[in-house]
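Inspection log for the structure reproduced underneath, given as structure tokens.
Convention: sequence-line order gives letters A, B, ...; per-chain numbering from 1.
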Protein chains: 2
Amino acid sequence: MFKETKTHEVTTDVVIFTIKDGKLKVLLVKRAHEPFKGKWAIPGGFIRISETIDAAALRILKEKTNVQNIYLEQLYTFGDPLRHPTARVITCAYFALIRSDDIVLSFEDNSEITEVQWHPVYDLPPLAFDHKEIIEYSLKRVRERLEFCPIAFQLLPEKFTLTELQKSYELILDKKLDKRNFRKKFLALSILKELDECTKSGSKRPARLYSFNEITLNSKRGHFFS
Amino acid sequence: MFKETKTHEVTTDVVIFTIKDGKLKVLLVKRAHEPFKGKWAIPGGFIRISETIDAAALRILKEKTNVQNIYLEQLYTFGDPLRHPTARVITCAYFALIRSDDIVLSFEDNSEITEVQWHPVYDLPPLAFDHKEIIEYSLKRVRERLEFCPIAFQLLPEKFTLTELQKSYELILDKKLDKRNFRKKFLALSILKELDECTKSGSKRPARLYSFNEITLNSKRGHFFS
DNA sequence: AATATACTTGTAAAAAATACACTATTTAAT
DNA sequence: ATTAAATAGTGTATTTTTTACAAGTATATT
């Protein structure tokens with residue numbers, strides 16, 4: 001199919017999750033050019049020759065969201081020769097979790113992209129390349145991580161209620177959890193700091209606010225220790 | 001450090017584990033050329049332009065061990081620009097578990113390699129590139145897998161005793177396990193088939209032989225279901 | 001004051017993990 | 001034939017973890 005002399009191109013694609021409007025969403029960009037012109041895709045780009053892969057993924061993330069210092073983990077490297085219709089492109093995929101609040105989506109005008117937007121992960125448009133598979137696999141990985149490591153806090157604001165925390169778990173795992181058991185388990189982990197504040201009662205009974213203690217995330221297959 | 005026009009090279013390296021002489025070992029090759037001439041390294045090679053990454057890893061594995069149909073899982077992609085002293089080489093690392101018995105190590109004469117040998121994983125020689133890190137990370141991953149998935153059977157012969165199975169766990173986890181609890185847990189999993197045979201008493205009391213029921217391994221982050 | 005809504009809390013049962021010591025079968029030596 | 005040495009095999013009690021499950025509390029609205 002390809003001449004053996006042709007070289008590989010190496011990219012990184014970043015699946016960026018957030019919670020917004022009570023839904024779990026991923027960031028997608030609309031492609032300006034062929035292949036897959038007009039189709040939605042995960043943000044990505046070429047890895048520069050003197051840049052680590054992590055740095056490339058961070059750069060992509062920052063270009064689109066202007067966010068730094070977030071949880072970013074290498075997911076898997078996808079390299080089927082047929083994944084790109086006209087070239088051999090190996091992509092090292094990452095996933096990230098961010099709070100969507102204080103984020104302004106952006107893209108350079110002269111770019112490969114005509115739009116940037118959050119899409120509900122359980123209701124995605126048709127995607128370019130193998131990006132559907134990459135997102136599904138990301139979701140699987142995030143769920144695995146959640147079992148061992150409270151990475152969901154990356155999706156929450158600094159101060160949050162236990163109900164919000166539980167909701168983020170439910171969105172990711174896509175199932176209901178028992179409220180009392182959830183709270184019991186989390187409080188036992190002693191990674192939560194109970195604050196002296198409550199929600200300013202948007203309505204109804206105010207809820208206690210919590211924040212996370214500093215925890216150490218090891219981003220290369222992040223397990224955590226408090 | 002590199003001109004941005006220079007292209008990446010993409011390789012795959014495979015950490016191959018086995019149990020031999022009562023020790024957990026990895027397969028290393030001695031490099032014939034610079035860089036790291038004469039140093040031991042994990043077997044690896046370039047990914048061909050129309051080959052999947054999995055296929056490339058299998059090819060490397062087969063070249064050195066002539067083994068096929070074994071557990072092979074993508075580990076991580078290492079891409080520090082400084083990991084190779086003179087080029088930008090991104091490597092997609094895999095690990096594999098094989099039985100060393102019926103294996104004849106081999107390498108082509110006109111090759112990059114002057115020797116192929118098993119080395120105890122807890123007593124490694126100095127290694128080329130970042131291969132020490134890659135092996136350490138493999139070991140971490142194998143241990144993680146072992147918690148959920150009895151991949152250790154890949155290291156055992158067709159028929160084995162429970163003591164041999166336990167020993168393989170102890171070698172990988174590098175700690176002693178309780179004999180009764182180990183047996184209880186494994187028998188409860190009902191993935192073992194008790195055979196009507198016993199060891200032909202090399203000495204002492206003969207031990208019951210078992211084999212594994214067919215289990216499905218999902219090699220892309222293999223979990224298993226019996 | 002009554003009502004609606006979301007917040008908070010505890011206990012009992014089941015399941016899983018752990019700790020722990022003796023008997024059984026064989027070979028080799030006397 | 002008896003004994004010693006080596007490895008195989010087995011069960012129970014305790015602790016820990018997970019699960020299931022329902023009623024009272026604080027605030028805002030009417």
Side-chain angles (χ1 to χ4, degrees), chain A residues 19 21-22 143-144 146-150 152 156-157 159-171 173-211 223-226, chain B residues 19 21-22 143-150 152 156-157 159-211 223-226:
Chain A
I19 290 177
D21 311 324
R143 287 172 179 165
E144 284 173 20
L146 222 50
E147 283 180 50
F148 299 107
C149 169
L156 297 175
K159 300 170 181 183
F160 52 88
T161 67
L162 288 179
T163 303
E164 287 168 337
L165 182 61
Q166 182 177 344
K167 186 72 182 165
S168 73
Y169 271 69
E170 291 180 338
L171 286 171
L173 300 174
D174 199 25
K175 68 176 181 193
K176 279 275 167 215
L177 300 175
D178 179 84
K179 187 190 280 200
R180 278 168 294 187
N181 292 338
F182 181 86
R183 293 161 100 95
K184 194 193 316 169
K185 189 186 279 187
F186 246 94
L187 294 173
L189 283 177
S190 62
I191 52 176
L192 292 181
K193 197 185 306 179
E194 185 175 339
L195 302 175
D196 283 335
E197 302 173 63
C198 290
T199 47
K200 299 266 176 293
S201 229
S203 68
K204 313 302 138 45
R205 177 176 175 176
R208 175 71 53 182
L209 287 170
Y210 292 81
S211 68
H223 288 269
F224 85 100
F225 306 94
S226 60
Chain B
I19 290 176
D21 311 323
R143 287 174 179 163
E144 283 174 21
R145 281 287 163 277
L146 221 50
E147 283 181 50
F148 299 107
C149 169
L156 297 175
K159 299 169 182 180
F160 53 87
T161 67
L162 288 179
T163 303
E164 287 168 338
L165 182 60
Q166 182 178 342
K167 186 73 183 163
S168 73
Y169 271 68
E170 291 180 337
L171 286 171
I172 293 172
L173 299 175
D174 199 25
K175 68 176 181 192
K176 280 276 167 213
L177 300 175
D178 179 84
K179 187 193 282 199
R180 279 168 294 188
N181 292 338
F182 182 86
R183 293 159 103 93
K184 194 192 316 169
K185 187 187 280 185
F186 246 95
L187 294 173
L189 283 176
S190 63
I191 52 176
L192 292 181
K193 197 185 307 177
E194 185 176 340
L195 303 175
D196 283 334
E197 302 173 64
C198 291
T199 47
K200 299 268 178 292
S201 229
S203 69
K204 313 301 138 48
R205 176 174 174 176
R208 175 70 55 183
L209 286 170
Y210 292 81
S211 67
H223 288 270
F224 86 99
F225 306 94
S226 61

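- Atom NZ of K176(B) and atom C1' of dA19(C) are 17 Å apart (whole Å).
- Contact of the I191(A) side chain with the P150(A) side chain is registered, since non-hydrogen atoms from C-beta on lie closer than 4.5 Å.
- In this structure, NZ of K167(A) is placed 16 Å from C1' of dC7(C), rounded to the nearest angstrom.
- Between the side chain of R180(B) and the base of dA21(C), a donor-acceptor pair under 3.5 Å is found.
- You'll find that the side chain of R208(B) is closest to dG9(D), out of dT9(C), dC20(C), dG9(D).
- Summary of helix geometry: the two end axes of the helix from dA1(C)-dT30(D) to dT30(C)-dA1(D), each defined by five base pairs via their C1' atoms, are inclined to each other by 10° (rounded to 10°).
- Mapping D178(A) and K200(A) onto DNA chain D by nearest heavy atom places D178(A) closer to the 5' end of the strand.
- Rounded to a whole Å, the CD atom of E194(A) is 13 Å from the C1' atom of dT9(C).
- Note: T163(B) OG1 to R208(B) CZ = 13.0 Å, rounded to the nearest 0.5 Å.
- In this structure, E147(A) contributes its side chain and E144(A) its backbone to no donor-acceptor pair below 3.5 Å.
- Between the side chain of R205(A) and the base of dT25(D), a donor-acceptor pair under 3.5 Å is found.
- Closest heavy-atom contact between L195(B) and S211(B): CD2-OG, 3.9 Å.
- Put simply, CG on L162(A) is 17 Å from P on dA6(C), counting in whole angstrom units.
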Protein-nucleotides 13-18 of chain C N/O pairs closer than 3.5 Å?
{"unit_1": "dT18(C)", "atom_1": "O4", "unit_2": "K184(B)", "atom_2": "NZ", "d": "2.9"}

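- We find that NZ of K179(B) is positioned 10 Å from P of dT7(D), with the value rounded to whole Å.
- Contacts of T161(A) with the nucleic acid, taken as non-hydrogen atoms under 4.0 Å apart, are absent.
- A distance of 7.5 Å separates NZ of K176(A) from CD of Q166(A), quoted to the nearest 0.5 Å.
- Rounding to whole angstrom units, CD of residue E147(A) and C1' of dT18(D) are separated by 13 Å.
- Following rounding to the nearest Å, R183(A) (CZ) and dT19(D) (P) show an atom-to-atom distance of 18 Å.
- The nearest heavy atom of DNA chain C to L187(A) and to K204(A) marks one nucleotide each, and the one closer to the 5' end goes with K204(A).
- In this structure, the separation between CD1 on I19(B) and CD on E164(B) is 9.5 Å, given to the nearest 0.5 Å.
- Rounded to the nearest 0.5 Å, atoms CG (L162(A)) and CZ (F182(A)) are 7.5 Å apart.
- In this structure, E170(A) contributes its side chain and L177(A) its backbone to a donor-acceptor pair below 3.5 Å.
- One atom, CZ of F160(A), and another, P of dC7(C), lie 14 Å apart when rounded to the nearest Å.
- The closest side-chain heavy-atom distance from L187(A) to Y210(A) is below 4.5 Å.
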